[in-house]
Amino acid sequence: MKILMFTGMLNRTLDANNKIACELADTLVRNGHTVVVCGLSDGEEMVEEEPGRAVRVYYRGHDPVTLAKEKLERFVAGKGGVRGKAVREFTLRHPLAAAAVFFSYTKLYRDDRVVGRAVRVIRNLHRKYDFDVAIAFCAPFWSVKSVMRAMLPGVTGIIIQLDPWGLHEMEIRVCSDPQKRIRQETALFKQADHILTTRPLLKQYEQNEAYRPFLGKMEWMDFPNIRKVWTAGKNPIDFDRNYTHILFAGMMDDRYRNPACFLQLAEKLIEQNVKIRVHFLGTNLSDRLFEYAGRYPENIVLHGSVPVDDAFAAMQACDFLLNISNTISNMVPSKIFDYFSLGKPMINVQKIADCPAAEYMRRYPLCFNIEEFNDRDCSEELRKFLQEKKGIRLNFEEIRALYETATPEYVAGQIEAALGHN
């Protein structure tokens with residue numbers, strides 16, 4: 001089969017969703033298919049072709065909002081360090097571009113120009129490759145709109161829904177018309193031939209009258225992130241072996257992933273002279289984390305964002321991985337499957353009782369779980385866990401057996417089965 005995977009955004013430095021799309025695409029190539037991954041880039045317009053891998057097509061946007069967002073991201077990347085500080089500086093230096101970016105998050109903004117450009121790109125690629133299948137990744141939502149609006153004749157349309165949209169709990173809290181989001185999403189579901197979504201979302205769709213008509217074309221999927229990890233990246237952190245090192249990799253945001261619970265436990269160990277260092281690698285939008293890092297600069301260290309390969313090099317080199325789950329009950333963080341793949345001992349902070357990541361965490365043999373919603377001091381148990389599990393690592397075959405449905409091979413098989421190819 002000839003398959004298009006349209007990801008919305010696609011940059012040379014892959015984000016979490018792009019990484020999933022490219023890994024899945026390369027797996028389908030190994031299965032004998034021709035696959036093109038395409039998306040809007042903030043870098044140069046180009047095509048990458050390597051033997052044994054999917055073709056990657058990066059195209060540029062031309063509308064003012066897209067250009068302003070590209071300018072912002074280049075500015076932030078050039079500054080390094082704390083994203084919030086870089087954004088504030090960008091706003092002062094480039095007020096017109098900042099205003100365009102701000103406008104894109106208001107209800108007055110329409111993404112028609114972005115979608116229109118994407119539709120033209122998709123149709124041009126179809127003329128070249130004659131696709132059998134077009135797969136739209138959500139998020140961003142306009143990715144799905146673009147693929148469905150392109151309406152390629154005779155091409156099977158699949159939506160892979162990695163994040164909620166119509167039922168996104170954070171967005172509908174502030175949305176003036178939540179039902180409009182549902183109507184927009186279900187209109188695209190009606191056009192799709194198949195929909196692969198997450199387990200928590202499928203459960204919600206089964207209980208929601210607006211989504212029930214589409215259950216016959218839906219199937220759950222896990223994030224296809226379980227694989228042997230090899231990276232050519234360079235570890236950006238100097239791990240002093242006089243300390244036990246705990247690493248969080250990803251975005252920290254007080255709105256849905258406030259780290260206060262874990263930082264309070266870490267503070268108790270630090271005050272007891274337990275030699276730990278907690279490293280935070282990635283974008284930090286947490287005032288609480290800044291507060292603790294200022295209070296304990298030798299023990300709580302902020303590193304900023306780095307390329308994905310470098311982040312994996314740091315994760316491989318640390319002693320413990322830290323996951324702080326979010327307060328969104330229908331969104332599984334894809335990062336946990338990256339963590340599992342490494343086989344390292346893990347500390348997990350479960351923030352809500354109905355956390356969708358909990359069932360995966362329970363399976364992992366090297367997980368110390370902290371239930372934030374239970375007000376209990378577990379600092380002594382954590383100290384023992386750090387002492388006893390340091391240096392222990394699971395082999396990959398054990399991990400694969402635990403999470404077989406979250407391997408790229410399994411999810412690629414789901415796509416093939418949906419198309420009657422197996």
Side-chain angles (χ1 to χ4, degrees), residues 16-17 138-139 161-175 178 181-182 185 197-208 211 220-223 225 246-268 278 280 282-292 320-340 345-379 381-382 385 402-403 405-406:
N17 284 358
C138 181
Q161 189 180 41
L162 302 175
D163 297 300
W165 199 80
L167 300 182
H168 195 299
E169 293 175 358
M170 285 189 63
E171 297 295 336
I172 61 178
R173 289 174 198 161
V174 297
C175 179
R181 291 177 68 93
I182 293 174
E185 183 168 57
T197 190
T198 63
R199 297 192 205 208
L201 280 170
L202 184 56
K203 289 178 182 177
Q204 287 190 328
Y205 294 155
E206 290 170 347
Q207 304 302 317
N208 190 305
Y211 289 91
W220 65 260
M221 62 169 273
D222 282 330
F223 289 91
N225 283 17
I246 303 167
L247 175 66
F248 174 91
M251 177 176 282
M252 191 58 65
D253 191 323
D254 284 341
R255 293 175 301 166
Y256 59 91
R257 189 177 283 140
N258 190 316
C261 174
F262 178 77
L263 293 173
Q264 289 164 4
L265 288 172
E267 181 178 43
K268 291 181 180 180
V278 188
F280 290 85
T283 301
N284 178 33
L285 301 177
S286 168
D287 291 334
R288 187 55 62 90
L289 181 52
F290 279 124
E291 174 192 336
Y292 274 82
F320 293 83
L321 294 166
L322 171 63
N323 180 62
I324 299 178
S325 290
N326 56 50
T327 57
I328 304 172
S329 69
N330 62 359
M331 184 183 291
V332 179
S334 63
K335 175 179 71 231
I336 64 174
F337 299 98
D338 291 328
Y339 278 9
F340 295 147
M346 187 188 314
I347 302 159
N348 177 60
V349 179
Q350 182 179 337
K351 299 186 77 68
I352 54 176
D354 57 345
C355 176
E359 62 171 299
Y360 300 104
M361 291 296 176
R362 281 193 289 267
R363 287 187 238 165
Y364 195 68
L366 294 179
C367 181
F368 182 85
N369 197 56
I370 300 164
E371 294 182 341
E372 184 173 330
F373 49 91
N374 287 334
D375 187 15
R376 187 175 71 85
D377 181 4
C378 59
S379 57
E381 295 168 58
L382 175 59
F385 179 79
L402 288 169
Y403 303 103
T405 59

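These numbers come from a predicted model, not from an experiment. Positions are given from 1 along the sequence. Values below: every heavy atom of this structure, side chains too, minus hydrogens, waters and symmetry copies.
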* Asked: Step by step, would you call C378 with I370 a side-chain contact (heavy atoms from CB on, under 4.5 Å)?
  -> CA-CA 8 Å; C378 59; I370 300 164; 4.1 Å; yes
How many angstroms lie between atom [atom1] of [X] and atom [atom2] of [Y], to the nearest 0.5 angstrom?
X: F337; Y: Y403; atom1: CZ; atom2: OH; value: 8.0 Å
X: I352; Y: T327; atom1: CD1; atom2: OG1; value: 6.5 Å
X: T197; Y: Q204; atom1: OG1; atom2: CD; value: 9.5 Å
X: M252; Y: D287; atom1: CE; atom2: CG; value: 12.5 Å
X: L201; Y: L162; atom1: CG; atom2: CG; value: 10.5 Å
X: C367; Y: N323; atom1: SG; atom2: CG; value: 8.0 Å

* Please identify each residue that fulfils side-chain hydrogen bond (donor to acceptor under 3.5 Å, both in side chains) with Q264, with sequence neighbours left out. =>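 With neighbours one apart ignored, the set is empty.
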* To do: Only counting residues at least two apart or in another chain, list the ones meeting side-chain hydrogen bond (donor to acceptor under 3.5 Å, both in side chains) with N326.
  =>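 Once residues adjacent in sequence are excluded, N326 has no partner under the side-chain hydrogen bond (donor to acceptor under 3.5 Å, both in side chains) criterion.
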Which residues pass the side-chain contact (heavy atoms from CB on, under 4.5 Å) test with [X], not counting sequence neighbours?
X: E206; result: L202, L215
X: A353; result: F373
X: N374; result: E371
X: N208; result: L167, A210, Y211

Can you tell if the side chain of [X] reaches within under 4.5 Å of the side chain of [Y], non-hydrogen atoms only?
X: L263; Y: E291; answer: no
X: M346; Y: F368; answer: no
X: L247; Y: L322; answer: no
X: F248; Y: K335; answer: yes
X: I246; Y: I347; answer: yes
X: P200; Y: M331; answer: no
X: N348; Y: S325; answer: yes
X: N258; Y: I324; answer: no

Listed partners of [X] passing salt bridge (charged side-chain N to carboxylate O under 4.0 Å, His left out), at least two apart:
X: E372; answer: K351
X: K203; answer: none
X: D222; answer: R199
X: R362; answer: none

* Are F320 and F385 close enough that their ring centers fall under 6.0 Å? ->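 Centroid separation for F320 and F385: below 6.0 Å.
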So, for [X] and [Y], which heavy atoms are closest and what is the spacing to 0.1 Å?
X: I328; Y: E169; answer: CA-OE1, 3.4 Å
X: L402; Y: P365; answer: CD1-CD, 3.8 Å
X: S334; Y: N225; answer: O-ND2, 3.3 Å
X: A357; Y: I336; answer: CB-CD1, 3.9 Å

* To do: Compute whether any side-chain donor of one residue and acceptor of the other, for Q161 and T198, lie under 3.5 angstrom apart.
  =>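 On atom types as modelled, these side chains do not qualify, holding no pair under 3.5 Å.
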* To do: Output yes when a side-chain donor or acceptor of R288 lies under 3.5 Å from a complementary backbone atom of P259, and no otherwise.
  =>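 Side chain of R288 to backbone of P259: no pair is present.
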* **Inter- and intrachain pairs under side-chain hydrogen bond (donor to acceptor under 3.5 Å, both in side chains), touching residues 246-255, at least two apart** =>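 Found D253-R255, D254-S286.
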* To do: Applying ring-ring contact (aromatic ring centres under 6.0 Å, His included), name anything that partners F262, two or more places apart in sequence or on another chain.
  =>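 So F262 forms no ring-ring contact (aromatic ring centres under 6.0 Å, His included) with any residue.
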* So E381 and R376, side-chain contact (heavy atoms from CB on, under 4.5 Å) or not? Walk me through it. -> CA-CA 11 Å; E381 295 168 58; R376 187 175 71 85; 2.6 Å; yes
* Considering the options F223, Y364, Y360, which one meets the ring-ring contact (aromatic ring centres under 6.0 Å, His included) requirement together with F340? ->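 That would be Y364.
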* To do: Assess whether side-chain contact (heavy atoms from CB on, under 4.5 Å) is satisfied between Q350 and M361, documenting all intermediate values.
  => CA-CA 10 Å; Q350 182 179 337; M361 291 296 176; over 6 Å; no
